[in-house]
K.L.:
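Below are the structure tokens for one structure; questions will follow.
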Amino acid sequence: MKVNRTLKWLVAAGLTSSVLAAPAFAAKDVVVAVASNFTTLDPYDANDTLSQAVAKSFYQGLFGLDKDMKLQNVLAESYTVSDDGLVYTLELRSGVKFQDGTDFNAQAVKVNLDRASNPENHLKRYNLYRAIAKTEVVDAGTVKITLKQPFSAFINILAHPATAMISPAALQKYGKDIGFHPVGTGPYQLDTWNQTDFVKVKKFAGYWQQGLPKLDTITWRPVVDNNTRAAMLQTGEAQFAFPIPYEQAGRLKSNDKLELVASPSIMQRYISMNVTQKPFDNPKVREAINYAINRQALVKVAFSGYATPAEGVVPPSIDFAQKFKPWPYDPAKARELLKEAGLPNGFETTLWSSHNHSTAQKVLQFTQQQLAQVGIKVKVTAMDAGQRAAEVEGKGQAESGVKMFYTGWSASTGEADWALSPLFASRNWPPTLFNTAFYSNPQVDKDLDDALKTTNRDEKAKLYKDAQDVIWNASAWVPLVVEKLVSAHSKNLTGFYVMPDTGFSFDDADLK
């Protein structure tokens, strides 16, 4: 891989737009400023939405979700399901080529799903595919997937951004290093990856959708500092930025060359508490922490009003989400509960964050101040992607140092199982998935499993309600807010927007 030093110098000098715009027929080059670095370009081995969003430059799935999280056909044209709910038969799009010139076909689907569903590969997204018993080639355009048991959300799993079709030839060539050498059927192919600075992609000339893509290149640039991302938009160094610092939204909105967009979200922010460690094994301590945090004030202080206090463990726009009475701000009640728990003078603990951008830092500081008022002294740490992977996602309960953990979750399948199971099922403690509370309840496990075995909507609703009732009453989390997604872009850029799960859609993006 080469480093594009010219582009790097131009961006550093703030000259990108003026220099690149000089030719009579200017290339359509877009710079996108994002909040953190990318962990891998292998969607099956990425735990973060941002890495998967960037991987959409190269990769496509069999199905996808539109900006309203509705299912759409992509590389699969149709599907049927057997009466027993075990066999999915997919008819595939013909005439599609991978970026290395090889054919996309049923054998390619089999190779990818066999890799994803094999636990010996230790891929981070394995749990999405553990229900697959086998994948068979019927003919070049037809593939049959048999499940181990009915899994009513399976078609949404195939629409998840992780379910990308990677060139089998590339997988054979690069093996475990495929995350550095993406080869898919998507509209762009890799030009340059400077792992500390940017990912640049260029138009794939053999893309199967005629007339697309319209852009020549996209440069994905991690910019941790919120204010710097906003400044890059104003100087023209970037044409799109997300997230926008909430406190600067008004200023960018008044810039007649920019468009500010506040869009709906399924991103819920929360603090998990490790219920296997003292003092968080005591429900009264967990309740005290919930009473100690003023969520309405948090919305103003950290999000400048671009959020709403959480009223459940699942964002309200997710199907089967339950709404509860929000936790009131009551520090006196918090101190009373701590006293009942045998901690009248409070205690000391740690609070880690899954991100280190300035909004996350504001949440940490606010929470630290709030808990100090009830006697809980908190040492805060804002982590980058590497720290998070090593210290939180990579360690099991016995060796984990996580106590309180500020993070967020968006169910990228658009349905309730992926909003609940990865965060609350006993089998999904790290390093398997993201149950960083190390929460375990047999009734919740049974409810979540049974909900996948039925296609009866009323029965599913009852099971998901019961699971959420139990989880809410256990107070294993501090549910904080549901974000609004604030992005901004040059008015010359069209067709580029943030998805409700904080990923991106840019299939039809164009620069006028």
Side-chain angles (χ1 to χ4, degrees), residues 268-298 301 309-313 322 324-354 363-381 391-392 395-407 409 420 423-426 428-430 434-445 466-481:
Q268 177 144 316
R269 296 291 177 185
Y270 63 92
I271 296 171
S272 65
M273 294 170 280
N274 187 339
V275 300
T276 67
Q277 289 192 8
K278 290 187 179 299
F280 304 109
D281 59 340
N282 189 327
K284 290 185 177 182
V285 171
R286 304 197 298 267
E287 289 176 18
I289 291 171
N290 269 292
Y291 279 115
I293 296 174
N294 186 335
R295 291 159 178 78
Q296 291 285 0
L298 177 64
V301 170
E311 296 180 326
V313 292
Q322 290 296 307
F324 297 89
K325 184 180 178 181
W327 284 92
Y329 174 53
D330 192 341
K333 179 70 172 175
R335 285 189 289 268
E336 179 186 324
L337 285 164
L338 288 173
K339 186 176 179 180
E340 291 176 12
L343 297 165
N345 299 317
F347 59 94
E348 295 184 7
T349 190
T350 58
L351 171 58
W352 295 350
S353 168
S354 61
V363 174
L364 292 185
Q365 292 163 6
F366 179 87
T367 304
Q368 184 183 48
Q369 292 165 3
Q370 294 268 283
L371 295 182
Q373 292 176 17
V374 299
I376 302 174
K377 297 178 182 177
V378 178
K379 181 180 179 182
V380 299
T381 302
E391 296 299 325
V392 181
K395 293 185 177 181
Q397 185 266 337
E399 66 271 22
S400 178
V402 69
K403 294 178 180 176
M404 298 178 70
F405 185 53
Y406 169 68
T407 188
W409 183 254
L420 290 166
L423 309 180
F424 297 105
S426 301
N428 289 332
W429 289 7
F434 313 110
N435 184 349
T436 51
F438 295 98
Y439 176 78
S440 179
N441 183 287
Q443 186 60 49
V444 169
D445 291 343
D466 186 60
Q468 290 171 77
D469 286 346
V470 175
I471 292 165
W472 183 264
N473 291 329
S475 308
W477 268 15
V478 184
L480 293 174
V481 302

K.L.:
Can you sort out the partners of Lys395 under salt bridge (Lys or Arg N to Asp or Glu O under 4.0 Å), two or more places apart, ordered by chain and number?
P.N.:
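Result, salt bridge (Lys or Arg N to Asp or Glu O under 4.0 Å) vs Lys395: Glu391.
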K.L.:
Would you give the length of the straight line joining atom CD of Gln365 to atom CD of Gln369, rounded to the nearest 0.5 angstrom?
P.N.:
7.0 Å
K.L.:
Looking only at atom types and distance, does a side-chain atom of Asn290 sit under 3.5 Å from a main-chain N or O of Trp477, one as donor and one as acceptor?
P.N.:
yes
K.L.:
Can you measure from NZ (Lys325) to CH2 (Trp472) and round to the nearest 0.5 angstrom?
P.N.:
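Here the interatomic distance stands at 11.5 Å.
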K.L.:
How long is the gap from CG on Leu298 to CG on Leu480, to the nearest 0.5 Å?
P.N.:
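Result: 6.0 Å between the selected atoms.
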K.L.:
Could you give the distance from CD1 (Ile471) to CG (Leu423), rounded to the nearest 0.5 Å?
P.N.:
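CG of Leu423 is found 8.5 Å from CD1 of Ile471.
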K.L.:
Looking only at non-hydrogen atoms, find the nearest pair between Gly312 and Gln268 and report the distance.
P.N.:
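Scanning both residues completely, I find the closest heavy atoms to be O-NE2, 2.7 Å.
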K.L.:
Are any non-hydrogen side-chain atoms of Val392 and Phe434 less than 4.5 angstrom apart?
P.N.:
no
K.L.:
How close do Ser475 and Met273 get, counting heavy atoms only, and between which atoms?
P.N.:
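Shortest heavy-atom separation between Ser475 and Met273 comes out as O-CE, 3.3 Å.
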K.L.:
For the residue pair Phe280 and Ile289, establish whether any side-chain heavy-atom pair is separated by less than 4.5 Å.
P.N.:
yes
K.L.:
Hey, what's the ring geometry for Phe424 with Tyr439, parallel, tilted or perpendicular (30° and 60° as the breaks)?
P.N.:
perpendicular
K.L.:
For a 4.5 angstrom cut-off between non-hydrogen side-chain atoms, does Arg286 reach Leu337?
P.N.:
no
K.L.:
In residues 371-379, what donor-acceptor pairs under 3.5 Å come from side-chain atoms, sequence neighbours left out?
P.N.:
{"unit_1": "Gln373", "atom_1": "OE1", "unit_2": "Tyr329", "atom_2": "OH", "d": "3.4"}

K.L.:
Tell me, which pairs form a side chain to side chain donor-acceptor pair (under 3.5 Å) where one or both residues lie in residues 271-282, sequence neighbours left out?
P.N.:
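Listed by first then second residue: Ser272-Thr436, Asn274-Thr276, Thr276-Gln397, Lys278-Asp281.
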K.L.:
Which atom pair, heavy atoms only, marks the closest approach of Ala310 to Pro326?
P.N.:
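The answer is O-CB, 4.4 Å.
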K.L.:
What residues, two or more places apart in sequence or in another chain, satisfy side-chain contact (heavy atoms from CB on, under 4.5 Å) together with Asp330?
P.N.:
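Applying side-chain contact (heavy atoms from CB on, under 4.5 Å) to Asp330 gives Tyr291, Ala332, Lys333.
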K.L.:
Tell me every residue that passes ring-ring contact (aromatic ring centres under 6.0 Å, His included) with Phe438, counting only those two or more places apart in sequence or in another chain.
P.N.:
Trp429
K.L.:
When the side chains of residues 341-354 are checked against the rest of the protein, which donor-acceptor pairs come out under 3.5 Å, sequence neighbours left out?
P.N.:
{"unit_1": "Ser353", "atom_1": "OG", "unit_2": "His355", "atom_2": "N", "d": "3.2"}
{"unit_1": "Ser353", "atom_1": "OG", "unit_2": "His355", "atom_2": "O", "d": "2.7"}
{"unit_1": "Ser354", "atom_1": "OG", "unit_2": "Thr407", "atom_2": "OG1", "d": "2.9"}

K.L.:
Taking all atoms of both residues into account, what is the closest heavy-atom pair of Arg295 and Pro479, and its distance?
P.N.:
NE-O, 2.7 Å
K.L.:
Flag the pair Val478 / Tyr406 as yes when at least one side-chain heavy-atom distance between them is below 4.5 Å, and no otherwise.
P.N.:
no
K.L.:
Taking Asp469's backbone N and O only, do any of them form a donor-acceptor pair with Gln322's side chain (distance below 3.5 Å, no angle check)?
P.N.:
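It does not hold such a pair.
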